[in-house]
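Take a look at the structure below.
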2 protein chains.
Amino acid sequence: MSSKSTTKRADALRSIEAIVQAAAECLGRNPDASLSEIARAAGVGRVTLYAHFASRAEVVDAAMSRALDRGNEVLNAVDLTGDPLLALERYIDAGWHLVDQAQALLAAAQRELPAGRIRELHAGPAARVEALVARGRAEGAFRTDLPIAWLINVLQAVMHSATEEIRAGRLNPERAASHITATVLAAFTPPGIPVPEPRGGA
Amino acid sequence: MSSKSTTKRADALRSIEAIVQAAAECLGRNPDASLSEIARAAGVGRVTLYAHFASRAEVVDAAMSRALDRGNEVLNAVDLTGDPLLALERYIDAGWHLVDQAQALLAAAQRELPAGRIRELHAGPAARVEALVARGRAEGAFRTDLPIAWLINVLQAVMHSATEEIRAGRLNPERAASHITATVLAAFTPPGIPVPEPRGGA
DNA sequence: TCCAAACCAAACATGGTTGTTCGAGTTCTG
DNA sequence: CAGAACTCGAACAACCATGTTTGGTTTGGA
């Protein structure tokens with residue numbers, strides 16, 4: 001009955017934290033980052049890493065889960081009610097750079113984790129945006145001549161490409177959000193309806 | 001004057017062709033494909049591959065150059081004059097799946113080739129579209145409140161994402177072109193102007 | 001026909017990554 | 001403070017990819 005507690009010591013928890021955090025950073029930069037690299041970045045020995053994670057896959061899974069949880073936390077705090085255009089703008093503003101790191105990690109995860117696990121982790125975040133887009137369509141704010149799945153794909157693709165443009169030095173990070181917003185709102189506008197004027201300061 | 005010919009025998013040229021073609025396919029599927037894999041796919045021995053290419057980088061370069069040349073050939077045949085909207089539609093129709101394989105190869109190239117070489121190869125194709133978009137802006141058909149580089153980035157991103165959607169089984173290949181066209185034309189429309197009605201058959 | 005050019009399989013060296021084991025040192029926790 | 005939990009460096013085995021060499025066989029071209 002000695003269900004005392006975590007049975008893990010404080011320094012062990014500290015190491016695990018450092019490893020998961022380093023993994024998220026390294027894999028976000030390069031999906032092929034080695035475990036040596038991750039361990040070094042975490043400031044722990046390679047052996048210590050293996051003491052806490054049985055395989056490379058477990059490290060990737062932990063980093064992925066963590067990033068998704070973080071992102072979810074932020075996105076769940078965004079108010080998606082009211083005018084769908086404004087709601088989408090708020091969503092983009094809050095989440096465009098989160099999506100990026102998740103996407104980079106996802107590239108690593110896709111080679112190491114079973115497909116089911118990935119879908120499982122990715123299901124939560126997708127649902128809220130999907131609901132918003134569906135509502136916008138029902139209210140006539142977003143086009144209905146293209147499938148919802150396609151619209152969401154466009155949203156993700158544009159956000160993702162923005163971070164790549166920034167990394168390549170072709171886009172000023174401060175302008176990213178307004179460019180994404182202007183582009184996506186136009187792409188979502190039903191045919192025959194005028195494209196909305198940008199409102200956020202350029 | 002005995003510029004007889006290539007000094008290469010016919011079977012050697014055949015092997016090289018097979019290797020470059022196999023490399024384009026394999027690397028397009030998986031940027032990490034090994035040379036053994038490529039040689040096997042080409043139906044030649046690994047040693048033969050090394051007889052014609054000094055290093056992995058040379059193979060990647062050859063595959064990349066070839067794909068770019070092929071793509072260029074097709075795209076240069078597209079008529080980009082007249083109504084910018086219709087011209088862009090023709091461009092997308094002809095090139096949306098070419099862009100994909102080039103992009104997959106590009107992922108492999110970016111890790112193996114110097115940045116300068118990549119820019120060099122990529123410069124040609126970009127120029128024609130850029131000119132089209134610039135003309136469309138000058139004629140008031142495309143928006144001018146976003147940089148040209150950003151608009152072209154959006155075009156590429158949407159085309160690229162479409163091929164990923166197809167690969168994941170979430171998009172019917174026959175609908176891809178019309179979806180891309182509808183999305184991009186809307187995204188390019190100047191604020192205040194109505195989004196164009198789709199004309200191509202769904 | 002005849003030889004050089006091209007092919008191939010097998011084997012080698014090299015270097016990197018993944019996991020694992022060992023022994024000795026360090027640090028948390030009771 | 002004492003022992004258990006944790007950490008670490010070094011070194012091991014296994015695997016895979018890159019290049020290279022060797023020697024023997026096929027094949028193209030003159």
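So you know, we letter chains A, B, ... as the sequences are listed, proteins then strands, and number each from 1. Please read all numbers here as calculations on a predicted model, not as lab measurements.
Following rounding to the nearest Å, A/L49 (CG) and C/dT17 (P) show an atom-to-atom distance of 14 Å. Here D/dA4 presents its P atom at 16 Å from CG of A/D11, a figure rounded to the nearest Å. Across the protein-nucleic acid pair, A/I38 atom CD1 and C/dG19 atom P stand 12 Å apart, rounded to whole Å. The NZ-P distance, from A/K8 to D/dC6, rounds to 7 Å in whole Å. Rounded to an integer number of Å, the gap from A/F53 CZ to D/dC6 P is 13 Å. The separation between B/R14 atom CZ and D/dG28 atom C1' is 9 Å, rounded to whole Å. When the C1' atom of D/dT27 is taken as reference, atom CZ of B/R9 falls 5 Å away, rounded to whole Å. Nucleotide C/dT18 holds its P atom 12 Å from the CZ atom of A/R40, rounded to whole Å.
The 5' end of DNA chain D is approached more closely, in terms of each residue's nearest nucleotide, by A/I16 than by the other of A/I16 and B/A10.
One N or O on the side chain of B/R128 and one on the backbone of B/L75 form a donor-acceptor pair closer than 3.5 Å.
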Listed pairs, N/O of protein and of nucleotides 15-19 of chain D, under 3.5 Å:
{"from": "D/dT18", "atom 1": "OP1", "to": "B/R56", "atom 2": "NE", "distance (Å)": "2.9"}
{"from": "D/dT18", "atom 1": "OP2", "to": "B/L35", "atom 2": "N", "distance (Å)": "3.2"}
{"from": "D/dG19", "atom 1": "OP2", "to": "B/R56", "atom 2": "N", "distance (Å)": "3.0"}
{"from": "D/dG19", "atom 1": "N7", "to": "B/R46", "atom 2": "NH1", "distance (Å)": "3.2"}
{"from": "D/dG19", "atom 1": "O6", "to": "B/R46", "atom 2": "NH2", "distance (Å)": "2.9"}

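Residues B/L85 and B/E89 fail the side-chain proximity criterion, which asks for heavy atoms closer than 4.5 Å.
Distance CG/A/L68 to CZ/A/R66: 12.0 Å, rounded to 0.5 Å. To the nearest 0.5 Å, the span separating CE on B/M159 from OH on B/Y91 amounts to 4.5 Å. Between the CG atom of A/D32 and the CG atom of A/L27 there is a distance of 9.0 Å, given to the nearest 0.5 Å.
Of the charged side-chain nitrogens involved, none lies within less than 4.0 Å of a carboxylate oxygen, so that A/E112 and A/R117 do not count as a salt-bridged pair.
Closest to the side chain of A/V47, out of D/dA5, D/dC8, D/dT21, is D/dC8.
At most 12 heavy atoms of other shown residues, nucleotides or ligands fall within 6.0 angstrom of atom CZ in B/R70.
OP1 or OP2 of C/dC7 sits under 4.0 Å from a side-chain N or O of B/H52.
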